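One structure, as structure tokens, below. Some questions next.
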Amino acid sequence: MRLRNKKGQLHLTETIAVLFIFFVLIVFGLIFYFKYQQYSLKEEQEQLVISNAIRTTSKVLFLPELQCSKGAAEPEDNCIDLMKVRHVAEVFDRHLTDYYYPIFGYSKIVINQIYPEQKEWVIYDHPKPIYANETIIPLESTYFTLTLKDESLGGENIHYSFGYIQVGVYP
Amino acid sequence: MIRSKKAQVEVTFNWVYILIAGAVILLFFAGIIVKQKVASEESLDQEVIRIMENIFTAAQVSENTKTTIDISGLRDYTLYFSCEEGVSKYGLSGKSLPVEDSINPIFAPNEIKATQLLTWSVPYKLPFKVIDFLFVTSTTNKYVLWGNNEISAGFIHSVSNVSAANDKSKINFNVVQVQDLAEIQPAQNVQIRIIDGEGRIKEGDPILPLLMERMKNIPDKSLTAVSFQGGGSSRIANFFVKEKEVWKKLNKEPIRIVSLGGDNDAALYGAIFSGDDQIYICNMKKSFTRLGYLNEVYGGEELTAGKEGGKLREMIAYYKNRPELTLTSECLNYITLNPQDNLQTSLQSHQNKVAECLTRFTAKELPPECIGLVDSALKVKTANDNLAERGDCITLY
């Protein structure tokens, strides 16, 4: 009787051990799976931010509010009219929620002149509300070189300068 | 004997135990697989929508460009397009949530089922560039130009004048010109749009019996027409759809085409590519809204109150601060001093017209007031041309 009891106990311990190992494996599997999911989600989010930054840059480069134009002719490629730039920020700001936010989203758009002298114009800046109290806000930026046209500087000739546009997306 | 029975029970119990455990494990993994399948299908739908959004953004910003997009992977799906209350929606029919766009005008048929998507971006100018119109169609959407007229000739010239972003040889708008509607062959086309440049189609008109016979296997909504009457700033459009054996007019009031004309007339072609009147009206409203904001960049917020701002103020300041320039007085005349039709008053009137047009805009109708934008745009154009050609001055645009 005692021998049978011991055998039974041994059998039960063996079953419990098997079950324990089985569940440990399942838990390991689940942890691995969720970690992988987390990682791929983060990667996807990063991809989305980058693609958003590129999309916003292409939209900005072709904005009629900024582009250099000459009557009915095709707009000048990669050229921005500084006489418009100096006023566009007010318009973007005035119609931010009803119009320009859907175009630029949470981003910061800066036009930088680097030659002949350094200047910068922040034409749009709309950070996410979660960064309200932050001093250093992360930005996923893309850059594009530009010609800057300013007819109000050149006397009787058109004045061109050189610069770049920085389109930063708040992640 | 008793022991043997006990052993049998133990063996059977073990097998039952193994079976149940096996089934539970199997179910667990089957559950994960099913969940994964649903998740990956959803993610695929969203991916497709995101890619479409990117494609449309890229196509839109590339001015005057036609693009062919291979969507053979979506051949079993139907893409749908609509525009209501100023918001365009597009996506895969019966699948994930659509993309919503309240900014960019996208003129497209209500549905597209094809292996190739065709996009064409045309700038809308009034008189300066306001926004790029994106026309979306497919190889299975057939455009039938009825008769020899100005619209047919212009449209054929524009669609065949290819400046493709990718492979030129593959740009293939499905356009034919017929003298008689009996010449229409539906073939493999999913939708047929008749373009009547002479205003011949009327509400309740019977559809040609021969055409009816050929179209018997195609649903009513797949045969549509847009009929134009008049020319220049008095051109109007009416949208029709086949309803049993007659043409049913979709719009209550005739829709005015607010356009300065010329080659690649964006407002006119927008009507050709729009699936119905709502898509057209809704997208035109988007462009008038943008026009108002552009006027603010050019002329300032208080332009309507007669106070110049924006680029216009800089132009005036430039010449006022440089009396020594030989052109100063002439340029200032064109900009602000001429008693009539100077740039400032023209731009002010243009902005007033935008406000008037948008105030009276309803979700269903494009108000007649909007046609006033053509005259005001022409005045801005004349003033700008004067600056450029006669005065050699700084121009507004």
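All of these numbers come straight from a predicted model, not from anything done at the bench. Within every chain, numbering begins at 1; the chains are lettered A, B, ... in the order of the sequence lines, protein sequences first and strands thereafter.
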Pick one of side chain, backbone, both or neither for A:Gln37, based on which atoms fall under 4.5 Å of a heavy atom in chain B.
->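 Just its side chain gets close to chain B.
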
Compute whether any side-chain donor of one residue and acceptor of the other, for B:Arg290 and A:Tyr99, lie under 3.5 angstrom apart.
->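 The answer is yes; a qualifying pair exists.
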
What heavy-atom pair brings B:Val61 and A:Ser58 nearest, and what distance separates the two atoms?
->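 Result for this residue pair: CG1-O, 3.7 Å.
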
Contacting region of B:Phe128 [heavy-atom separation from chain A under 4.5 Å] =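 Neither part, no heavy atoms under 4.5 Å.
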
Which heavy atom of A:Pro64 sits nearest a heavy atom of B:Val130, and at what distance?
->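 Shortest heavy-atom separation between A:Pro64 and B:Val130 comes out as CG-O, 3.2 Å.
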
Could you grab the distance from atom CD1 of B:Ile103 to atom NZ of A:Lys59, nearest 0.5 Å is fine?
->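 So the gap between those two atoms works out to 8.5 Å.
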
Flag, side chain of B:Lys125 to backbone of A:Ala72, donor-acceptor distance under 3.5 Å |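 Yes, the answer is positive, given that a donor and an acceptor are paired below the 3.5 Å cut-off.
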
Can you tell which part of B:Tyr298 gets under 4.5 Å to a heavy atom of chain A, answering side chain, backbone, both or neither?
->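 When you check distances to chain A, only side chain atoms of B:Tyr298 fall under 4.5 Å.
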
Among B:Arg50, B:Glu100, B:Gln60, which has the most heavy-atom pairs under 4.5 Å with chain A?
->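 Ranked by heavy-atom pairs under 4.5 Å with chain A, first place is B:Arg50.
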
A:Gln47, CD atom: more than 12 neighbouring heavy atoms under 6.0 Å =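 No, because the 6.0 Å sphere around CD of A:Gln47 holds 12 heavy atoms or fewer from other groups.
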
Residues B:Glu301, A:Glu90; criterion side chain to side chain contact (heavy atoms under 4.5 Å, CB included); working and verdict = CA-CA 9 Å; B:Glu301 187 192 6; A:Glu90 298 160 30; over 6 Å; no

Dump the intermediate steps for side chain to side chain contact (heavy atoms under 4.5 Å, CB included) on A:Glu44 and B:Glu47, then the final yes or no.
-> CA-CA 11 Å; A:Glu44 204 172 313; B:Glu47 184 74 6; 5.5 Å; no

Which one, B:Met315, B:Gln36, B:Lys381, leads in non-hydrogen pairs under 4.5 Å with chain A?
->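 Looking at each of B:Met315, B:Gln36, B:Lys381 in turn, B:Gln36 comes out on top.
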
So how far is it from B:Glu314 CD to A:Leu82 CG, rounded to the nearest 0.5 Å?
->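 Taking CD in B:Glu314 and CG in A:Leu82, the distance rounds to 9.0 Å.
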
What distance do B:Ile394 atom CD1 and A:Met83 atom CE have between them, rounded to the nearest 0.5 Å?
->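 Interatomic distance, B:Ile394 CD1 to A:Met83 CE, rounded to 0.5 Å: 4.5 Å.
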
Mind checking the SG-OH spacing from A:Cys68 to B:Tyr397? Nearest 0.5 Å is all I need.
->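 Here the rounded value is 16.0 Å.
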
Is there a side-chain contact between A:Arg86 and B:Arg313 (heavy atoms, below 4.5 Å)?
->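 They are not in side-chain contact.
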
Which atoms of A:Leu66 come close to chain B, meaning under 4.5 Å heavy atom to heavy atom: side chain ones, backbone ones, both, or neither?
->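 Neither; nothing under 4.5 Å.
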
Drop me the distance from B:Thr57's OG1 to A:Ile54's CD1, to the nearest 0.5 angstrom.
->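 That separation rounds to 12.0 Å.
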
Part of A:Ala89 lying under 4.5 Å from any heavy atom of chain B =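 Contact with chain B involves no heavy atom of A:Ala89 at all.
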
Mark yes when over 12 heavy atoms from residues, nucleotides or ligands other than B:Glu85 sit less than 6.0 Å from its CD; otherwise mark no.
->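 Atom CD in B:Glu85 is not packed in, count stays at 12 or less.
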
Evaluate whether atom NZ of B:Lys307 has more than 12 neighbouring non-hydrogen atoms of other residues, nucleotides or ligands under 6.0 angstrom away.
->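 No, because the 6.0 Å sphere around NZ of B:Lys307 holds 12 heavy atoms or fewer from other groups.
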
A:Thr15 side, atom OG1; B:Tyr17 side, atom OH - distance, nearest 0.5 Å |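 It is 6.0 Å, given to the nearest 0.5 Å.
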
